[in-house]
Amino acid sequence: MMAEEAPPTHESRTTTRRSSGLALNTEYPKSIPGIIKISEIVLSIITFICSIVKNWDASGWVEFVSFTAFLSSLIYFILTLVNLFSFTTRFPGPWLLIEFIYCIIFTVFFLIAAFVAAAFAAHCSANVGVTAFFAFVATAVFIVDTVYQFRAWSTSDSSMRTQTTTTTTATINDDCPKY
């Protein structure tokens, strides 16, 4: 009498899951968008410091634009650094479109602030000219960021904000009878 043979079994399981916790994205500061965002932060704070050294007629607008850009860029950098935008279920939204619109707004604001500072530079002290210079440089960086965000949004490339982990497990149970 032969013992009943167990058929060979093959089990394969593939699991795809998104990162469930806040994880530090150490690659973001080294990437092109990270470097651009760091440049925006640094140039915004330099423009703000230059504009508050001496009070001039239109310094309030330049101070407002540069400090608001500094704060919003810093907050956006931190949120991207801790991968907050990868939690699309908790924070749904078209984040690439939102950042694209943000870049357009601050590009226009910085361009206006740069022209305002340049107009007052001839009648005021040298620090207003330096403020105008850094405002124009910040405008250029925001233009680069706007172009980059437009390309990312138009191709819907959200890979820089998501982390996907794929695990494949295969188990082969080969209970063949030995003769």
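Between Leu96 and Gln149, the closest heavy-atom pair is CD2-OE1, 4.0 Å. A pairwise comparison of heavy atoms in Ala58 and Val116 identifies CB-CG1, 3.3 Å as the closest pair. Residues Tyr28 and Pro33 come closest through the heavy atom pair OH-O, 3.7 Å. Closest non-hydrogen pair, Ala114 versus Ala132, comes out as O-CB, 4.0 Å.
Between the side chain of Ser154 and the main chain of Arg151, a donor-acceptor pair closer than 3.5 Å is present. A donor-acceptor contact shorter than 3.5 Å links the side chain of Ser66 to the backbone of Val62.
Evaluation of the salt bridge (Lys or Arg N to Asp or Glu O under 4.0 Å) test over residues 126-145, restricted to residues two or more places apart or in two chains, returns Lys37-Asp145. Sorted by first and then second residue, the ring pair (Phe, Tyr, Trp, His ring centres under 6.0 Å) pairs with a member in residues 31-52 read Phe48-Phe67; sequence neighbours excluded. For residues 123-132, the set of pairs meeting the salt bridge (Lys or Arg N to Asp or Glu O under 4.0 Å) definition, not counting sequence neighbours, is empty. Note on residues 133-144: no pairs pass side-chain hydrogen bond (donor to acceptor under 3.5 Å, both in side chains), not counting sequence neighbours. Screening residues 105-120 for side-chain hydrogen bond (donor to acceptor under 3.5 Å, both in side chains) gives Thr107-Thr146 as the qualifying pairs, with residues at least two apart or on separate chains.
At least one side-chain heavy atom of Pro29 sits under 4.5 Å from a side-chain heavy atom of Phe77. A 4.5 Å side-chain heavy-atom check between Thr68 and Phe109 finds every atom pair outside the cut-off.
For Ser39, the side chain to side chain contact (heavy atoms under 4.5 Å, CB included) criterion is met by Ile35, Val141, not counting sequence neighbours. Ile49 meets the side chain to side chain contact (heavy atoms under 4.5 Å, CB included) test with Ile45; sequence neighbours excluded. Residues satisfying the side chain to side chain contact (heavy atoms under 4.5 Å, CB included) criterion with Val144, sequence neighbours excluded, are Ile36. Phe110 is linked by a ring pair (Phe, Tyr, Trp, His ring centres under 6.0 Å) to Phe142, counting only residues two or more places apart in sequence or in another chain. Residues that satisfy the side chain to side chain donor-acceptor pair (under 3.5 Å) test with Ser73, not counting sequence neighbours, are Tyr102. Remark: Val137 pairs with Leu43, Phe133 by the side chain to side chain contact (heavy atoms under 4.5 Å, CB included) rule, at least two apart or across chains.
A distance of 5.0 Å separates CZ of Phe70 from CG of Leu74, quoted to the nearest 0.5 Å. Distance check: Thr47 OG1 to Glu63 CD gives 11.5 Å after rounding to the nearest 0.5 Å. Atom CD1 of Ile75 is separated from atom OG1 of Thr80 by 11.5 Å, given to the nearest 0.5 angstrom. Leu81 contributes atom CG, which lies 4.5 Å from atom CG of Leu24 (distance to the nearest 0.5 angstrom). Here Glu40 contributes atom CD and Phe106 contributes atom CZ; the two are 9.5 Å apart, rounded to the nearest 0.5 Å.
Other residues sharing the hydrophobic cluster of Leu111, ordered by chain and number and joined by side-chain separations under 4.5 Å: Phe115, Phe136.
Tracing side-chain contacts under 4.5 Å through hydrophobic residues (I, L, V, M, F, W, Y), one never reaches Ile46 starting from Val53; they form parts of separate clusters. No continuous path of ILVMFWY side-chain contacts below 4.5 Å connects Ile32 to Ile143, so the two sit in separate hydrophobic clusters. Phe100 and Val147 fall into different hydrophobic clusters, where Ile, Leu, Val, Met, Phe, Trp and Tyr residues are linked whenever their side-chain heavy atoms come under 4.5 Å apart, directly or through other members.
The number of heavy atoms from other shown groups lying within 6.0 Å of CZ (Phe150) does not exceed 12. Summarising the local packing, CD1 of Ile98 is surrounded by more than 12 heavy atoms from other residues, nucleotides or ligands at distances under 6.0 Å.
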Practice task
Give the intermediate values and the outcome of side chain to side chain contact (heavy atoms under 4.5 Å, CB included) for residues Asn127 and Cys50.
Solution key: CA-CA 6 Å; Asn127 74 308; Cys50 289; 5.6 Å; no
